[in-house]
**Q** 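This is the structure I have questions about; it appears just below.
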There are 2 protein chains.
Amino acid sequence: MSRRDELAEGATDYALEHGLIGLSLRPLAAALDTSDRMLNYHFGSKDALIAAVLAVSNERSLVTIRALPVSASIRQGVLDLWDAFTEPQVARCQRMYVEAASLGLFGREPYAASVRQSNESWLAALATHLERSGASKARAPRLATLVDATFNGLMLDRPLDGDTAGRRVVVDLADALS
Amino acid sequence: MSRRDELAEGATDYALEHGLIGLSLRPLAAALDTSDRMLNYHFGSKDALIAAVLAVSNERSLVTIRALPVSASIRQGVLDLWDAFTEPQVARCQRMYVEAASLGLFGREPYAASVRQSNESWLAALATHLERSGASKARAPRLATLVDATFNGLMLDRPLDGDTAGRRVVVDLADALS
DNA sequence: TGGGTTATGTAGCAAGTGCTACAGAGAGCC
DNA sequence: GGCTCTCTGTAGCACTTGCTACATAACCCA
C-alpha cells in the first residue's frame with residue numbers, strides 16, 4: 001500500500017471519529033504522526049484529501065451492503081438493510097456521508113460532487129439488495145430511494161446510539177411497503 | 001421590535017441564503033450594515049446568535065405548517081405536507097435545519113440543543129396535521145416521525161430546486177401508508 | 001560513484017476567526 | 001449643567017486556517 005493510501009485510510013478513520021465539518025489539517029496530521037506539509041504533498045490540497053476520504057468511507061459502506069445475504073421478503077429486506085445501516089462501522093460512514101451532504105447543500109466542492117457519486121453507487125447497492133429480496137426490477141430503485149432517504153433522515157434527527165425509536169419507524173415503513 | 005430582534009431576523013435571512021456551516025460574524029455583520037462588535041454586544045456570543053437564528057427559522061417553518069388546511073386523507077395529508085415542505089420559504093428553513101442537525105451530530109453546542117428543540121415542535125406540528133387528516137391519535141406521532149425522516153433525507157440527497165424525483169418518492173410513501 | 005526522483009522537515013506567510021479593551025456618542029433624568 | 005445608561009466605532013489581540021519556499025534526506029538506477 002502506498003504511503004498516500006495509508007494516509008487516506010488513516011485520515012478516514014480520523015474523520016469518522018471526529019467529524020468532517022471543521023476538519024483541519026494540523027490536528028489530523030498530528031493524529032497520523034505526520035505534518036500538514038506531508039498531507040499537502042501527497043494529496044495536493046485539502047479538497048483532494050477530503051475527496052479521497054469520502055471515497056474510502058463510501059467503499060467501506062458498500063462492501064458491507066454488498067455482502068448482505070438475500071432477505072426472504074421486501075419487508076425483511078428493508079429491516080436487514082436497517083440493521084446493516086446501524087451497525088457501528090457502517091453507521092459512522094453514513095454519519096460522515098450526512099455531513100458531506102450538508103456541506104454540499106449549497107453546491108460547495110468537493111463535497112457536492114463526492115456526495116453525488118457516493119449516493120449513486122449506494123442507491124444501486126440498496127436497489128440490488130431489494131431486488132434480490134423480491135422487488136421487481138422496476139420498483140427496486142424507487143424503493144431504494146425511499147429507504148435511503150428515510151434512513152438518512154433518521155440518522156439526522158436521532159442520536160445514533162441505541163435508538164430503538166429509529167427501528168420502530170423503520171418497522172412501520174417496512175410494514176407499509178409490504 | 002428591539003434592535004436585537006431586528007438583527008436576529010436579518011441574520012436569519014442571511015444564514016438562510018448563505019448557509020449555516022462556516023457562517024462567520026464579519027461578513028454577516030457587513031451584510032446587516034453593522035459590525036461584529038455589535039453582534040457580540042446584542043447577543044453576547046456567536047453561539048447565542050446561532051441559537052437565536054435557529055429559533056427564528058424554526059418559528060417561520062412552524063407558522064406555515066400550522067396554517068395548513070385539513071387534508072382529506074392521510075395520503076393527501078402527506079402530499080400536502082410535502083408541498084408545504086418544498087415551498088421555497090419553508091424549504092430554505094429546512095435546509096438550514098439539516099445543516100444544524102449535521103453540526104450537532106457530534107453533540108456540538110448550541111446546534112445539538114437547538115435541533116432537539118426544533119425537532120420536537122416540528123414533529124408535533126406534523127403529527128397534528130396528520131391527525132386532523134384522519135390518522136389516529138396513536139398513529140399520528142409515528143407517522144410524523146417517518147414522514148419527517150423521509151423529507152429530511154430527500155432534502156439531503158436531492159438538489160432542492162425542481163426535483164420531481166423527490167415528489168415521486170413521497171407519492172410512493174403516501175401510497176404505501178394509505 | 002554520480003544523478004535524479006521521491007519523500008520529508010523547518011519555518012513562515014497572508015488571511016480569517018471569535019472576541020474584547022477602550023473611548024466616545026446620544027438620550028433621558030435630576 | 002451634570003449624570004447615568006444604552007448603544008456604537010476603532011483598533012487590536014491571540015489564535016487557527018490552508019498552503020508554500022527552501023533546504024535536506026533517502027532511495028533507485030545507471
Side-chain angles (χ1 to χ4, degrees), chain A residues 1-15 17-56 96 99-100 102-104 106-114, chain B residues 1-15 17-56 96 99-100 102-104 106-114:
Chain A
M1 188 155 63
S2 73
R3 181 77 181 126
R4 186 196 143 109
D5 291 346
E6 282 178 27
L7 289 172
E9 293 289 332
T12 303
D13 292 333
Y14 182 90
E17 187 173 357
H18 295 84
L20 194 62
I21 299 174
L23 179 72
S24 72
L25 293 183
R26 266 177 264 249
L28 167 61
L32 298 180
D33 208 30
T34 178
S35 67
D36 57 331
R37 169 71 184 75
M38 282 300 98
L39 294 177
N40 262 302
Y41 173 74
H42 285 289
F43 294 93
S45 71
K46 183 191 178 185
D47 280 358
L49 201 183
I50 301 273
V53 161
L54 288 175
V56 169
M96 189 156 81
E99 286 191 281
S102 294
L103 284 160
F106 287 78
R108 187 165 149 211
E109 299 298 350
Y111 306 99
S114 287
Chain B
M1 188 157 62
S2 73
R3 181 76 182 126
R4 186 196 144 109
D5 291 347
E6 282 178 26
L7 289 172
E9 293 290 331
T12 303
D13 292 333
Y14 182 90
E17 187 173 355
H18 295 83
L20 194 62
I21 299 175
L23 179 73
S24 72
L25 293 182
R26 265 177 265 248
L28 166 62
L32 298 181
D33 208 29
T34 178
S35 66
D36 57 332
R37 170 70 184 77
M38 281 303 97
L39 295 177
N40 262 302
Y41 172 74
H42 286 289
F43 294 93
S45 70
K46 183 190 178 185
D47 281 358
L49 201 183
I50 300 272
V53 161
L54 288 174
V56 169
M96 188 154 82
E99 286 191 281
S102 294
L103 284 160
F106 288 78
R108 186 163 148 213
E109 297 301 350
Y111 306 100
S114 288

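Reminder, nothing fancy here: chain letters follow the sequence lines and each chain counts from 1.
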**Q** Toward the 5' end of DNA chain D, which comes first, A:N40 or B:L7, by nearest nucleotide?
**A**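 Looking at the nearest nucleotide for each, B:L7 comes out on the 5' side.
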**Q** Which pair of heavy atoms, one from A:N40 and one from A:S45, lies closest together, and at what distance?
**A**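 So the two residues come closest at OD1-CA, 3.5 Å.
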**Q** Where is the tightest heavy-atom contact between A:A29 and A:S35, given as atom of each residue plus distance?
**A**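 Here A:A29 and A:S35 meet closest at CB-C, 3.3 Å.
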**Q** Using nucleotides 22-26 of chain C, report all nitrogen or oxygen pairs with the protein that are shorter than 3.5 Å.
**A**
none

**Q** Pick base, sugar-phosphate or nothing for B:L28, based on heavy-atom distances below 4.0 Å to the nucleic acid.
**A**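 It contacts nothing in the nucleic acid.
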**Q** Rounded to the Å, how far apart are A:L39 CG and C:dA7 C1'?
**A**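 Checked: the CG to C1' distance equals 13 Å.
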**Q** Please enumerate all residues that pass side chain to side chain donor-acceptor pair (under 3.5 Å) together with B:D13, with sequence neighbours excluded.
**A**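 By the side chain to side chain donor-acceptor pair (under 3.5 Å) rule, B:D13 matches B:R60.
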**Q** Which is true for B:T34 with a 4.0 Å heavy-atom rule: it touches a base, it touches only sugar-phosphate, or it touches nothing?
**A**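 B:T34: no heavy atom of the nucleic acid under 4.0 Å.
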**Q** With heavy atoms under 4.0 Å as the rule, sort A:L49 into base, sugar-phosphate or nothing.
**A**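 No contact.
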**Q** Does A:L49 reach the side chain of A:L25, with side-chain heavy atoms less than 4.5 Å apart?
**A**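 Sidechains of A:L25 and A:L49: in contact.
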**Q** Closest heavy-atom contact between B:V56 and B:A8?
**A**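 Looking at all heavy atoms of both residues, the closest pair is CG2-CB, 4.3 Å.
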**Q** Using a cut-off of less than 4.0 Å, is there contact between a side-chain N or O of A:H42 and OP1 or OP2 of C:dT8?
**A**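 A:H42 to C:dT8 OP1/OP2: side-chain N or O found under 4.0 Å.
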**Q** Hey, does the side chain of B:S24 come within less than 4.0 Å of C:dG16's phosphate (OP1/OP2), counting only N and O?
**A**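 Checking B:S24 against C:dG16: no side-chain N or O falls below 4.0 Å of OP1 or OP2.
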**Q** Side chains of B:T34 and B:H42: does their closest heavy-atom pair fall under 4.5 Å?
**A**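 No; the side chains remain at least 4.5 Å from each other.
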**Q** If you assign A:D36 and B:D47 each to the DNA chain C nucleotide with the nearest heavy atom, which residue ends up on the more 5' nucleotide?
**A**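 Final value for this comparison: A:D36.
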**Q** So, for A:E99 and B:F106, which heavy atoms are closest and what is the spacing to 0.1 Å?
**A**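 Minimum heavy-atom separation between A:E99 and B:F106: OE1-CE1, 3.4 Å.
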**Q** What is the first contacted nucleotide of DNA chain D and what is the last, in 5' to 3' order, if contact means an atom lying under 4.0 angstrom from a heavy atom of chain A?
**A**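 Listed 5' to 3', the contact boundaries are D:dT17 to D:dC22.
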**Q** Among the candidates C:dT6, C:dG9, C:dC19, find the nucleotide nearest to the side-chain atoms of A:M38.
**A**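 Among C:dT6, C:dG9, C:dC19, the one nearest the side chain of A:M38 is C:dG9.
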**Q** If you compare all heavy atoms of B:Y14 against all heavy atoms of B:P27, which two are closest, and at what distance to 0.1 Å?
**A**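 Answer, listing the atom of B:Y14 first, then B:P27: OH-CB, 3.6 Å.
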**Q** How far apart are the closest heavy atoms of B:L103 and B:R108, and which atoms are they?
**A**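 Shortest heavy-atom separation between B:L103 and B:R108 comes out as O-CB, 3.4 Å.
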